[in-house]
Amino acid sequence: MKPVSVHIVDHPLVHDALVTLRDRATAPDAFRRAATRISVLLIAEALKDLTPQNVTVETPLGPAPGRRAGSDVVVVPVLRAGLGMLDAVLELVPSARVGHIGLQRDEMTAVASQYYSKLPSNLGASYVLMIDPMLATGGSAVAALDLLQQAGATVIRMICIVAAPEGVALVERHHPQVAIYTPVIDVKLNAQKYIVPGLGDFGDRLYGTI
Ligand code: PRP
Ligand code: URA
């Protein structure tokens with residue numbers, strides 16, 4: 001089995017936004033902006049190998065050759081925290097089709113259960129971006145990736161903002177073909193299965209539900 005490829009996106013602007021997200025003093029409005037900012041950079045990196053389509057456009061001074069991003073892109077936020085990364089994808093790829101997967105970790109057991117799924121058809125020929133900022137135990141990621149695979153997705157990239165070693169290992173075991181894009185792999189999970197140092201509960205900080 002091919003090992004999962006983890007792409008560490010190490011850009012100064014990525015780290016700048018990550019510090020804002022980690023800071024406990026960051027309020028939801030600034031948190032949302034930083035989430036979009038970091039996501040733009042992560043998504044751009046994850047789509048670096050999009051198949052280009054050669055085109056010619058007319059500038060005011062004459063024809064200019066160029067390249068359009070030719071591939072079909074499907075983005076799938078894992079609700080609810082993944083919604084904080086969606087605007088970034090749609091800004092970069094306005095034509096992207098959007099699926100949704102709803103998963104919720106149980107507060108006591110940290111086991112994720114599914115409450116919603118609506119995916120576009122014909123995923124087989126698409127670049128599928130699964131966006132979920134936190135990869136902790138990996139339970140949610142594996143459940144979402146199972147659904148995407150059952151729906152026919154073959155080229156899948158997972159974009160997250162903070163990953164834990166345990167989550168990376170679980171994805172590697174269950175979905176070795178999936179590439180993970182993340183700025184950082186943090187130290188560990190705590191007893192409540194939160195990432196340490198992490199940034200806390202992403203969904204709660206994004207929506208001010210703490
Ligand atoms: C968070 C996060 C991931 C999951 C990661 O969602 O957005 O989906 O936890 O944890 P895991 O790797 O241990 O499964 P949560 O279940 O808290 O739901 P929310 O996005 O609605 O807040
Ligand atoms: N979900 C979060 O939002 N944060 C964590 O640290 C783990 C799971």
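In listed order, ligands and their atoms are each counted from 1. Numbers here are sequence positions counted from 1.
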Worksheet, complete the sentence: CD1 of Ile8 to CD1 of Ile180, rounded to nearest 0.5 Å, is 9.0 Å

Item to complete: Would you please classify the geometry between the Tyr181 ring and the His7 ring as parallel, tilted or perpendicular, with 30° and 60° separating the classes?
Response: parallel

Response to the item:
In ligand 2, the atoms that come under 4.0 Å of a heavy atom of Met134 are 1 (N), 2 (C), 3 (O), 4 (N), 5 (C), 6 (O)

Item to complete: Begin with the C-alpha distance, continue with both residues' side-chain angles, and end with the deciding distance and a verdict on side chain to side chain contact (heavy atoms under 4.5 Å, CB included) for Ile210 and Asp201.
Response: CA-CA 8 Å; Ile210 298 169; Asp201 188 304; 6.0 Å; no

Discussion item. To the closest 0.5 Å, what do you measure between CD1 (Ile195) and CG (Asp186)?
Written reply: 6.5 Å

Worksheet item: Checking salt bridge (charged side-chain N to carboxylate O under 4.0 Å, His left out) for the pair Asp204/Arg80: CA distance, chi angles, key distance, verdict?
Response: CA-CA 9 Å; Asp204 282 345; Arg80 107 198 115 135; 2.9 Å; yes

Worksheet item: Looking at ligand 2, does Arg205 have a heavy atom less than 4.0 Å from it?
Response: no

Practice prompt. Look at the side chain of Arg37 and the backbone N and O of Leu13, then say whether any donor-acceptor pair between them is shorter than 3.5 Å.
Written response: no

Worksheet item: Looking only at protein heavy atoms, which one is nearest to atom 7 (C) of ligand 2, and how far off is it?
Response: Ala136 CB, 3.6 Å

Give every pair made of an N or O atom of ligand 1 and a protein N or O atom lying under 3.5 Å apart, one pair per line with both atom names and the distance to 0.1 Å, or write 'none'.
{"from": "ligand 1", "atom 1": "7 (O)", "to": "Asp132", "atom 2": "OD1", "distance (Å)": "2.8"}
{"from": "ligand 1", "atom 1": "8 (O)", "to": "Asp132", "atom 2": "OD1", "distance (Å)": "3.4"}
{"from": "ligand 1", "atom 1": "8 (O)", "to": "Asp132", "atom 2": "OD2", "distance (Å)": "2.5"}
{"from": "ligand 1", "atom 1": "12 (O)", "to": "Ala136", "atom 2": "N", "distance (Å)": "2.9"}
{"from": "ligand 1", "atom 1": "12 (O)", "to": "Thr137", "atom 2": "N", "distance (Å)": "3.1"}
{"from": "ligand 1", "atom 1": "12 (O)", "to": "Gly138", "atom 2": "N", "distance (Å)": "2.8"}
{"from": "ligand 1", "atom 1": "13 (O)", "to": "Arg105", "atom 2": "NH1", "distance (Å)": "2.7"}
{"from": "ligand 1", "atom 1": "13 (O)", "to": "Thr137", "atom 2": "N", "distance (Å)": "2.9"}
{"from": "ligand 1", "atom 1": "13 (O)", "to": "Thr137", "atom 2": "OG1", "distance (Å)": "2.6"}
{"from": "ligand 1", "atom 1": "14 (O)", "to": "Ser140", "atom 2": "N", "distance (Å)": "2.9"}
{"from": "ligand 1", "atom 1": "14 (O)", "to": "Ser140", "atom 2": "OG", "distance (Å)": "2.5"}
{"from": "ligand 1", "atom 1": "16 (O)", "to": "Arg105", "atom 2": "N", "distance (Å)": "2.7"}
{"from": "ligand 1", "atom 1": "20 (O)", "to": "Arg80", "atom 2": "N", "distance (Å)": "3.0"}
{"from": "ligand 1", "atom 1": "20 (O)", "to": "Ala81", "atom 2": "N", "distance (Å)": "2.9"}
{"from": "ligand 1", "atom 1": "21 (O)", "to": "Arg80", "atom 2": "N", "distance (Å)": "3.2"}
{"from": "ligand 1", "atom 1": "21 (O)", "to": "Arg80", "atom 2": "NE", "distance (Å)": "3.1"}
{"from": "ligand 1", "atom 1": "22 (O)", "to": "Arg80", "atom 2": "NE", "distance (Å)": "3.2"}
{"from": "ligand 1", "atom 1": "22 (O)", "to": "Arg80", "atom 2": "NH2", "distance (Å)": "3.1"}

Practice prompt. May I ask you to check if Arg105 and Tyr194 form a cation-pi contact, with NZ or CZ under 6.0 angstrom from the six-membered ring centre and within 45° of the axis?
Written response: yes

Response to the item:
Nearest non-hydrogen protein atom to atom 4 (N) of ligand 2, with distance, is Gly200 O, 2.8 Å

Worksheet item: To which protein heavy atom is atom 5 (C) of ligand 2 closest, and what is the distance rounded to 0.1 Å?
Response: Tyr194 CD2, 3.3 Å

Worksheet item: Short list, please: which atoms of ligand 2 are under 4.0 Å from a heavy atom of Ile195?
Response: 5 (C), 6 (O)

Discussion item. I'd like to check Glu91 versus Thr36 (side-chain heavy atoms, cut-off strictly below 4.5 Å). Are they in contact?
Written reply: no

Worksheet item: Any luck finding a side-chain donor-acceptor pair between Asp16 and His11 under 3.5 Å?
Response: no

Worksheet item: Of all the atoms in ligand 2, which lie at a distance below 4.0 Å from a heavy atom belonging to Phe202?
Response: 2 (C), 3 (O)

